[in-house]
Amino acid sequence: MTELTQLSSWKALKIHREAVPHMRKLFAADPKRFDNLSLSACGLFLDYSKNKVTDETLSLLFTLAKESQLAPKIQAMFNGDKINTTEQRAVLHSALRANSNQDIQVDDKNIIPEIKHTLDKMAAFVDEIISGSWEGYTGKKITDIVSIGIGGSFLGPKIVSQALRPYWTGDINCHFVANVDATSIVEKLKGLNAETTLFIMSSKSFGTQETLTNTLSAREWFISQGGSQNNVAKHFVAVSSNVKKATEFGIAAENIFPMWDWVGGRYSLWSAIGLPIALLIGMTRFRELLDGANEMDEHFSTAPLSQNMPVIMGLLSVWYVNFFNAQSHVVLTYDHYLRGLPAYFQQLDMESNGKSVTLQGQAVDYSTGPVIWGGEGTNGQHAYHQLLHQGTALIPADFIMPLNSHNPLGEHHVQLASNCFGQTQALMQGRTFEEALAELEDSSLSDDEKQLIAKHKVMPGNKPNNTLLMDKLTPATLGALIALYEHKTFVQGAIWQINSFDQWGVELGKLLGDDVLARLKADKNTSELDNSSNGLINLFRQQRI
Ligand SMILES: O=P(O)(O)OC[C@H]1O[C@](O)(CO)[C@@H](O)[C@@H]1O
């Protein structure tokens, strides 16, 4: 048995689970539930009143946090302790957005000056590109960026750029290429002019197959379009922690923006990996994004547990995963600009908490990270919300909506808000059999038919959901929102006693992929593997035109 399941709070929560009444009852009993179970921080407002919790639940969850040493674990992360123990690395994405007067030590060295230096280098570069003083090989201004990277070196820049579309300066367009499928890069390059296109190769390791292959193809395209090897320096820059490999690959040393091994890929948009964002919105706005995240770092590291937004959200998730067997969590963004966030949070959470051994190497005997999925409202209401309301799985939901739209057109936003709030209400209260029957009272159905249809119209309700609001989507509120989910992910990992910062699960696939590649390119059939893999490889070799 693991330590976690032996904690007194864990045992108490297991028993207490049965005693939590339906949320309808909780709301009826407490006219102040909304006031009591909501809080504001860093430009965000969280309503968590529509959760299956009483005061006792929350108190037990906070005890669980204390018994799990959450507060010292938070401090260890911010202090730069090597909490990523399987890779012996500090976890300091927070340092990337820290104030420049701070002193944060890694291996007895203050890392703040090099962060500042890289931000200054980014600022100078952004200025040159936006002003047009950086010229392509025929003297023209850069108009298009092609950002090549995958995983954290793709999702963060892409989704934040998309979310901050209203803040683009308008001079530059950006295209993102991640997949090794040639269709992705071929389609992106269509219509681009090599003279005015800049490629950013983003890879922390500088060893990721997809990114290397796409960059080579981009360089070939550039040369096939009239650029020459000598012009590559004007059109290719890289972001990497492996400066040596990037230089060997042929990226000019002055065109390499460094990052560091204490930044995880899925936490890296705050580093020079965020360069595409800075090129689109300008450096001042990029710094506002960092400031918003920094505010959330301050909140997370200083607010008491019971007033701490990431702590509350993380503990609620643990409550459902471990005590109600919730196996997924849905993120519903009621803002078209935020439509990519569920995919971003999916990598953040699932790559971080998809683990099954504790830090001590013991197999867990409880569930860890749930499946994260979602999409934009109201679209999902006409697709998968049916399962949220009446399906058999319990799926906690986060609704995210800015109170003001960047496009205040007619009644659109008030209708959007009515749908968002209406969904949170429907999930919570549901519809009883008696209510369903009453709705059918005036229909021409027989009594038996009414009884039958009413059964189908029953919605159990009592489905947990959070609502996160902000005045308006700005770089600062977006920074705070993303940092909130980063820290929520940390809280869950800390309770589950796992390492949220490695990703060994993706490594085996990479290794086997390399072996399969060699076999696909070989001039003879494969017979050494399992017979399914042999069969697939040989089929591919034989059927290829
Ligand atoms: O930036 P890199 O080193 O190319 O890695 C890309 C992505 O690959 C992963 O390791 C997963 O395969 C992610 O964690 C990372 O963001």
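Note that ligands are numbered from 1 as they come in the structure, with each ligand's atoms numbered from 1 the same way. Computation of the quantities below employed the complete heavy-atom set of this structure, encompassing side-chain atoms and omitting hydrogens, waters and symmetry-equivalent molecules. Nothing fancy with the numbering, it's 1 onward along the sequence.
Residue contact check: S203 has heavy atoms under 4.0 Å from atoms 1 (O), 2 (P), 3 (O), 4 (O) of ligand 1. Close contacts of ligand 1 with G265, meaning ligand atoms under 4.0 Å from a residue heavy atom, involve 16 (O).
In summary, the side chains of H406 and D335 do not present any donor paired with an acceptor at a separation below 3.5 Å, with no hydrogens or angles considered. Judged by distance alone, the side chains of D502 and T86 do bring a donor and an acceptor atom under 3.5 Å apart. Using a 3.5 Å distance cut-off with no hydrogens or angles, the side chains of T196 and T143 do pair a donor with an acceptor. Between the side chains of N173 and W168, no donor N or O sits under 3.5 Å from an acceptor N or O. S500 and N353 are linked by a side-chain donor-acceptor pair at a separation below 3.5 angstrom, with hydrogens and angles left out of the test. A side-chain donor from one of D398 and Y485 sits under 3.5 Å from a side-chain acceptor of the other.
Atom 16 (O) of ligand 1 has as its closest protein heavy atom G152 N, 2.7 Å. Shortest contact from atom 5 (O) of ligand 1 to any protein heavy atom: T208 OG1, 3.5 Å. Closest to atom 1 (O) of ligand 1, if we only count protein heavy atoms, is S153 OG, 2.6 Å. For atom 7 (C) of ligand 1, the nearest non-hydrogen atom of the protein is I150 O, 3.6 Å. For atom 11 (C) of ligand 1, the nearest protein heavy atom (residue, atom name, distance) is E351 OE2, 3.1 Å. Counting protein heavy atoms only, atom 3 (O) of ligand 1 is closest to S205 OG, 2.6 Å.
With distances taken over non-hydrogen atoms, the option nearest atom 8 (O) of ligand 1 out of R266, K204, K510, Q503 is K510.
The two residues I150 and T211 make their nearest non-hydrogen contact at N-OG1, 3.8 Å.
In this structure, Q347 has a heavy atom closer than 4.0 Å to ligand 1.
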